[in-house]
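Heavy-atom basis, side chains included; hydrogens, waters and symmetry copies ignored.
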Amino acid sequence: MKLLMVEDDKTIAMGLEYSLQNDGYETIVCYNAESAREVLMKQLNEIDLCLFDLSLPDGSGYDLCEFVKKQSDKPVIFLTAFDDEVNVVMGLDMGADDYITKPFRIRELLSRIKSVLRRYNKQPQPQSTSIITIEDIRINTLEGKVYKKGEEVLLTALEYRLFLIFANHVGQVLTRNQLLERIWDVAGDFVNDNTLTVYIKRLREKLEDNAQSPKIIKTVRGFGYKVGE
């Protein structure tokens with residue numbers, strides 16, 4: 001797997017590059033947005049995942065993410081010093097698959113990378129199907145895809161995993177702690193309560209006819225959330 005990492009702090013970049021290479025990844029490292037764009041224009045097809053620092057001396061990771069997503073559906077993870085909902089939502093709106101807040105442990109980053117890559121590298125198996133239907137939503141678990149009224153809904157890796165948790169517990173009320181525990185099982189124990197709020201909000205915006213009055217992912221006041229009856 002070849003990763004493009006864009007990080008302007010050379011000390012951090014060197015440490016991450018060493019750790020990523022020790023874990024078996026081939027790395028391309030850039031220290032600013034301009035050099036990253038040059039690499040993307042020449043080698044995007046060879047890159048399997050992008051790690052973008054949000055704050056760069058000549059631009060931002062948002063701009064690079066937008067550039068990547070316009071060219072190809074490559075996974076993007078943001079490295080950010082910010083941990084508020086506005087920045088998280090903005091990154092998700094850009095099409096990012098995940099974000100990780102500095103300072104972080106290298107084990108945390110590696111877990112996030114592997115979680116995102118598992119979604120993108122999931123191979124379909126035509127000889128069998130596994131379909132879950134909820135209202136007008138259809139999940140094809142072998143493809144790792146979600147459809148609403150026949151049209152594919154593009155979900156990030158963690159959005160997909162979260163909705164799959166709901167789909168596998170139809171009619172059951174799940175507390176926020178239960179959801180966090182189940183996400184931890186597949187993505188490492190690094191999802192906080194604020195992030196869960198953001199992802200539920202994003203799922204509703206993508207899957208509900210009216211996100212302000214959800215009919216699929218329903219809030220059970222004082223308990224948590226429920227999908228289905």
Worksheet item: Taking the inter-plane angle between the rings of Tyr62 and Phe78 on a 0 to 90° scale, is it parallel (under 30°), tilted (30 to 60°) or perpendicular (over 60°)?
Response: perpendicular
Fill in: Other residues, nucleotides, ligands: >12 heavy atoms within 6.0 Å of Tyr18 OH
no
Worksheet item: With sequence neighbours excluded, what pairs up with Lys148 under the salt bridge (Lys or Arg N to Asp or Glu O under 4.0 Å) test?
Response: Asp136, Asp209
Worksheet item: So, do Leu16 and Leu51 sit near enough that their side-chain heavy atoms are less than 4.5 Å apart?
Response: no
Item to complete: Kindly say whether Glu34 contributes a backbone atom to a donor-acceptor pair with the side chain of Asp58 at under 3.5 angstrom?
Response: yes
Worksheet item: So do the side chains of Arg176 and Thr197 get within less than 4.5 Å of each other, counting heavy atoms only?
Response: yes
Discussion item. With a 4.5 Å cut-off on side-chain heavy atoms, are Arg118 and Arg161 touching?
Written reply: yes
Worksheet entry | Nearest heavy atoms of Cys65 and Ala96, plus distance in Å | SG-N, 4.0 Å
Discussion item. A side-chain contact here means heavy atoms from C-beta on lying under 4.5 Å apart; do Ile132 and Leu164 qualify?
Written reply: yes
Worksheet item: Hey, what do you get for CD1 (Ile216) to CD (Glu208), rounding to the nearest 0.5 Å?
Response: 4.5 Å
Fill in: Nearest heavy-atom neighbours spanning Thr133 and Glu135
CG2-O, 3.8 Å
Worksheet item: Regarding Arg204 and Thr219, is there a side-chain donor-to-acceptor distance under 3.5 Å anywhere?
Response: yes
Worksheet item: Within a reach of under 6.0 Å around NZ of Lys215, are more than 12 heavy atoms found that belong to other residues, nucleotides or ligands?
Response: no
Fill in: Spatial distance of atom CD1 (Ile200) from atom CG (Leu179) [nearest 0.5 Å]
5.5 Å
Worksheet, complete the sentence: When rounded to the nearest 0.5 Å, the distance separating CG of Leu44 from CG of Leu4 is 9.0 Å
Worksheet entry | Ile106 side, atom CD1; Asp23 side, atom CG - distance, nearest 0.5 Å | 8.0 Å
Item to complete: Decide whether Leu117 and Phe104 are clustered together by the hydrophobic rule: side chain heavy atoms of Ile, Leu, Val, Met, Phe, Trp, Tyr closer than 4.5 Å, transitively.
Response: yes
Discussion item. Quick check for you: to the nearest 0.5 Å, what is the distance between Asp97 atom CG and Leu158 atom CG?
Written reply: 10.0 Å
Worksheet item: Is the backbone N or O of Arg107 less than 3.5 Å from a side-chain atom of Ser111, with the two atoms forming a donor-acceptor pair by type?
Response: no
Worksheet item: Does anything in residues 6-17 pair up under salt bridge (Lys or Arg N to Asp or Glu O under 4.0 Å), and if so which pairs, sequence neighbours excluded?
Response: Glu7-Lys102
Fill in: For Tyr31, all residues meeting side-chain hydrogen bond (donor to acceptor under 3.5 Å, both in side chains), sequence neighbours excluded
none
Worksheet item: Quick check: are there more than 12 heavy atoms from other residues, nucleotides or ligands sitting under 6.0 Å from CD of Glu152?
Response: yes
Item to complete: With side chain to side chain contact (heavy atoms under 4.5 Å, CB included) as the test, would you mind laying out the steps for Leu40 and Ile47 before giving the verdict?
Response: CA-CA 8 Å; Leu40 289 169; Ile47 295 170; 4.2 Å; yes
Item to complete: Decide yes or no for Leu54 and Tyr99: does some side-chain heavy atom of the first lie under 4.5 Å from some side-chain heavy atom of the second?
Response: no
Worksheet entry | Under 3.5 Å donor-acceptor, Lys226 side chain and Ile217 backbone | no
Worksheet item: Does the pair Ile134 and Phe166 meet the rule for a side chain to side chain contact (heavy atoms under 4.5 Å, CB included), with working shown?
Response: CA-CA 10 Å; Ile134 303 169; Phe166 281 122; 6.0 Å; no
Worksheet, complete the sentence: Taken to the nearest 0.5 Å, the spacing of Asp98 CG from Leu79 CG works out to 10.5 Å
Worksheet item: Should Ile165 and Gln178 count as side-chain neighbours, where that means a heavy-atom distance under 4.5 Å?
Response: no
